[in-house]
Amino acid sequence: QVQLVESGGGLVQAGGSLRLSCVASGGTFNMYIMGWFRQAPGKERAFVAAIRWSGGSTEYADSVKGRFTISKDNDKNMVYLQMNSLKPEDTAVYYCAASTRIRLGERVYEERVYEYWGQGTQVTVSS
């Protein structure tokens with residue numbers, strides 16, 4: 001059973017930066033993809049970024065391309081989300097997610113791919 005714990009959220013002014021961290025424990029040797037999602041008030045949870053545990057290829061939502069960077073440290077079982085040039089519309093609860101497999105036809109931006117989820121960390125961007 002994989003456990004995920006996020007940290008690094010907080011309050012920041014527009015244009016500022018934050019780095020979110022996610023530590024994974026238990027069964028990480030089976031990890032295939034790690035992702036970040038976010039849920040703003042009154043909205044559905046949405047894909048932000050994903051990284052393959054082996055190889056490190058990444059994908060991003062269009063809304064964060066060029067501003068956010070996902071990275072990992074396999075030795076520490078950590079995944080990071082560096083968020084720069086933050087905007088008020090980035091305000092949300094950010095969730096770390098992990099997947100041990102992806103089936104034919106599935107895409108890394110789909111929630112159904114991810115079997116494990118963290119509890120979330122709040123990011124608030126003031127204008």
Side-chain angles (χ1 to χ4, degrees):
Q1 186 77 9
V2 176
Q3 292 84 42
L4 304 174
V5 179
E6 305 97 333
S7 61
L11 173 65
V12 64
Q13 288 188 332
S17 299
L18 279 176
R19 188 175 85 152
L20 305 183
S21 299
C22 173
V23 59
S25 60
T28 53
F29 57 90
N30 284 328
M31 207 65 64
Y32 184 62
I33 300 170
M34 296 289 292
W36 287 97
F37 286 74
R38 66 186 180 184
Q39 187 167 21
K43 295 187 177 180
E44 294 186 351
R45 192 156 54 185
F47 171 75
V48 175
I51 187 167
R52 282 170 174 76
W53 200 245
S54 176
S57 62
T58 59
E59 294 192 36
Y60 296 92
D62 288 343
S63 59
V64 306
K65 279 181 183 176
R67 300 189 299 122
F68 291 12
T69 302
I70 188 171
S71 62
K72 62 181 177 67
D73 185 329
N74 292 53
D75 292 338
K76 296 181 180 179
N77 292 330
M78 297 285 293
V79 177
Y80 306 98
L81 186 67
Q82 178 66 43
M83 306 185 294
N84 299 328
S85 302
L86 282 161
K87 305 174 182 179
E89 51 263 44
D90 294 317
T91 294
V93 177
Y94 283 71
Y95 296 91
C96 178
S99 172
T100 60
R101 81 295 179 263
I102 186 167
R103 297 188 181 96
L104 185 65
E106 292 180 338
R107 299 293 181 264
V108 298
Y109 51 79
E110 297 176 308
E111 285 192 47
R112 59 175 175 163
V113 167
Y114 299 88
E115 302 142 272
Y116 306 103
W117 294 83
Q119 81 290 349
T121 185
Q122 177 70 48
V123 171
T124 303
V125 184
S126 63
S127 56

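- Side-chain contact check for Gln82 and Ser71: no donor-acceptor pair (N or O, by modelled atom type) lies under 3.5 Å.
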Could you go step by step and tell me if Tyr95 and Leu4 meet the side chain to side chain contact (heavy atoms under 4.5 Å, CB included) rule?
-> CA-CA 9 Å; Tyr95 296 91; Leu4 304 174; over 6 Å; no
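- Criterion: ILVMFWY side-chain heavy atoms under 4.5 Å apart, direct or through other members. Under it, Val123 and Val93 are not part of a common hydrophobic cluster.
- Under the 4.5 Å side-chain heavy-atom criterion for grouping Ile, Leu, Val, Met, Phe, Trp and Tyr, Tyr94 is not connected to Trp117 through any hydrophobic cluster.
- Residue Leu11 holds its CG atom at 8.0 Å from CD of Gln13, rounded to the nearest 0.5 Å.
- There is no path of hydrophobic side-chain contacts, each under 4.5 Å, that joins Tyr60 to Val108.
- Closest heavy-atom contact between Val64 and Val48: CG2-O, 3.6 Å.
- Judged purely by atom type and a 3.5 angstrom limit, Glu6 uses its side chain to pair as donor or acceptor with the backbone of Gly120.
- The nearest pair of heavy atoms linking Gln119 to Val5 is OE1-CA, 3.9 Å.
- The line from CH2 of Trp53 to CG of Asn77 is 5.0 Å long, rounded to the nearest 0.5 Å.
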Practice item. Given side chain to side chain contact (heavy atoms under 4.5 Å, CB included), test Glu106 with Ser99 step by step and report yes or no. Key: CA-CA 12 Å; Glu106 292 180 338; Ser99 172; over 6 Å; no
With side chain to side chain contact (heavy atoms under 4.5 Å, CB included) as the criterion, how do Phe47 and Arg107 come out once you've worked through the C-alpha distance, each side chain's angles and the decisive distance to 0.1 Å?
CA-CA 11 Å; Phe47 171 75; Arg107 299 293 181 264; over 6 Å; no
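- In summary, Asp90 and Lys87 do not engage in a salt bridge, as defined by a charged side-chain N under 4.0 Å from a carboxylate O.
- Under the 30°/60° scheme for interplanar angles, the aromatic rings of Phe37 and Tyr114 are found to stand perpendicular.
- Under the 4.5 Å side-chain contact rule for hydrophobic residues, Leu20 and Ile51 share a cluster.
- Here the closest heavy-atom approach between residue Met34 and residue Ile70 is recorded as O-CD1, 4.0 Å.
- Across all their heavy atoms, Glu110 and Gly105 have their closest contact at OE1-O, 4.2 Å.
- With a 4.5 Å cut-off on side-chain heavy atoms, Gln3 and Val23 do not count as touching.
- Ile102 and Tyr109 fall within a single hydrophobic cluster, where Ile, Leu, Val, Met, Phe, Trp and Tyr are joined by side-chain heavy atoms under 4.5 Å apart, directly or via other members.
- Of the inter-residue distances, the one linking Lys72 atom NZ with Ser54 atom OG reads 7.0 Å to the nearest 0.5 angstrom.
- A pairwise comparison of heavy atoms in Val79 and Trp36 identifies CG1-NE1, 3.5 Å as the closest pair.
- Arg52 has a carboxylate O that lies under 4.0 Å from a charged side-chain N of Glu59, or vice versa, which qualifies the two as a salt bridge.
- With values rounded to the nearest 0.5 angstrom, Ser17 atom OG is found 8.5 Å from Met83 atom CE.
- Atoms SG and OH, from Cys96 and Tyr80 in turn, are 11.5 Å apart once rounded to the nearest 0.5 Å.
- The two residues Ser63 and Arg38 have their closest heavy-atom pair at OG-NH2, 3.5 Å.
- For Arg101 (side chain) and Met31 (main-chain N/O), no donor-acceptor pair under 3.5 Å exists by modelled atom type.
- We find the OG1-CG distance between Thr69 and Leu81 to be 8.0 Å, quoted to the nearest 0.5 Å.
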